[in-house]
Amino acid sequence: MKSTFKKLATGIVVALPLTMMSVTAAAVEKVTLKLAHNLDTKHVVHQALAQMAEDIKEASGGKMKLRIYPGGQMGGPRETMELLQNSALDMTKGSASEMEPFAPAFSVFSLPYLFEDNAHFEKVIYGPVGRELMQETADKGFISIAAYAAGTRSFYAKKPIYSPADMVGMKIRVVATPTTIKLIELLGASPAPIPFGEVYTALQQGVIDGAENNEPSYVHTRHVEVAKYYIEDQHTAVPDYLVISTETWNKLDDEQKKILSDAALKSEKYEAELWEKEVAASRQKAADVGATFIQVDKAAFRDALTPIYDDFRNDPKKAQWLEKIEALGTK
Ligand code: GCU
């Protein structure tokens with residue numbers, strides 16, 4: 001199959017994806033979809049995607065293929081989402097925070113202590129509210145077809161943190177979104193918007209004092225080696241999303257769409273099954289290399305961060321999502 005090349009505004013030359021044969025009524029048409037993401041191949045989201053590739057191949061009798069480019073080789077989520085918009089890539093994965101610049105609704109996941117418990121979180125991301133949210137980027141050229149649990153995010157740093165007061169003046173890396181930047185500022189720290197792939201060096205060289213993420217990312221990225229204190233404040237639960245360009249989606253015929261959606265839904269369940277084990281294994285690995293887990297009074301963090309909710313409720317576009325999510329809780 002031929003592939004053409006396109007030069008993007010950024011100067012990067014990329015192979016154009018989506019090599020499809022013309023549509024006939026009979027069996028599944030041949031298609032190869034390209035998916036790039038920024039996670040390590042050991043990450044459970046990658047494992048779920050790799051399984052999805054197998055499932056798609058099997059269900060289509062080898063006619064549909066998913067080629068995965070892991071580890072940020074096509075750039076971070078911002079870049080890969082732009083590749084989707086430029087028709088230079090079919091699929092990618094972004095966290096809800098990384099979706100926020102494209103659709104403000106996703107900022108709801110950056111609200112601290114939003115979910116009552118894991119059951120509430122799952123009811124949201126796998127239920128009708130989450131499914132509706134997944135279409136919010138449609139006018140930006142892509143939609144989500146799977147949501148992946150990503151646990152909770154906590155701070156980790158080169159020095160111990162026992163309460164918000166200890167964070168005053170610290171430089172903390174965040175995924176750059178207005179909500180996460182505000183979150184760090186409310187704790188009296190300075191937000192440093194550094195790409196995921198550059199955080200290790202920034203920590204090592206002391207450009208930043210800490211960052212925040214779930215345990216698997218803390219360990220897979222080896223940030224644990226250069227920031228030994230993991231603070232169990234669990235401020236947010238930010239899911240990951242599997243994203244496809246609407247152009248690619250619209251070019252698929254009904255049968256291809258069904259094969260892809262079924263495999264995507266199956267990958268959600270598979271990833272969720274793997275997640276908890278991965279968190280436990282990551283904590284063990286972190287402890288083995290000398291990390292210290294610090295228990296903190298989460299109420300102190302919650303109190304310091306409450307003003308974010310006021311900003312949110314004052315913006316009707318965002319407030320509606322908060323209300324929908326709160327309505328699914330039990331309190
Ligand atoms: C999580 C997420 C990544 C994201 C990263 C980050 O680990 O799975 O996709 O890029 O957070 O903090 O940048």
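What you see is a predicted model, and the numbers here were worked out from it, not measured in a lab. Both ligands and their constituent atoms are indexed starting at 1 by order of listing. Numbering starts at 1 and runs along the sequence shown.
Between Tyr113 and His235, the distance from one ring center to the other does not fall under 6.0 angstrom. In this structure, the ring of Tyr69 has its center no less than 6.0 angstrom from the ring center of His37. Tyr229 and Phe155 have their aromatic ring centers separated by at least 6.0 angstrom.
Ring orientation note: the planes of Tyr241 and Phe109 are tilted relative to one another, at an angle of 30° to 60°. In this structure, Phe115 and His120 have perpendicular ring planes: the angle between them is above 60°, well past the 30° mark.
Ligand 1 has a nitrogen or oxygen under 3.5 angstrom from a nitrogen or oxygen of Glu98. The distance criterion of under 3.5 Å between nitrogen or oxygen atoms is met by Asn38 with respect to ligand 1. In terms of polar-atom proximity, defined here as any N/O pair under 3.5 Å, Arg173 does make such a contact with ligand 1. Residue contacts with ligand 1: Asp240 is placed with a nitrogen or oxygen under 3.5 Å of a nitrogen or oxygen of the ligand (distance criterion only).
Here the protein heavy atom with the shortest distance to atom 11 (O) of ligand 1 is Arg153 NH1, 3.0 Å. In terms of protein heavy-atom proximity, atom 9 (O) of ligand 1 is nearest to Lys93 NZ, 2.5 Å. Closest protein heavy atom to atom 7 (O) of ligand 1: Ser217 OG, 2.5 Å.
Counted within 6.0 Å of NZ on Lys171, heavy atoms from surrounding residues, nucleotides or ligands total 12 or fewer; the atom is thus considered open.
Listed by atom number, the atoms of ligand 1 under 4.0 Å from Val175 heavy atoms are 6 (C), 12 (O), 13 (O).
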> Given the rule in the side-chain hydrogen bond (donor to acceptor under 3.5 Å, both in side chains) test, do Gln51 and His46 qualify, once you have shown the distances and angles that lead to the verdict?
Replying inline: CA-CA 9 Å; Gln51 181 58 46; His46 176 82; over 6 Å; no
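Using a 4.0 Å cut-off between heavy atoms, Asn213 contacts ligand 1 through its side chain alone, with no backbone atom that close.
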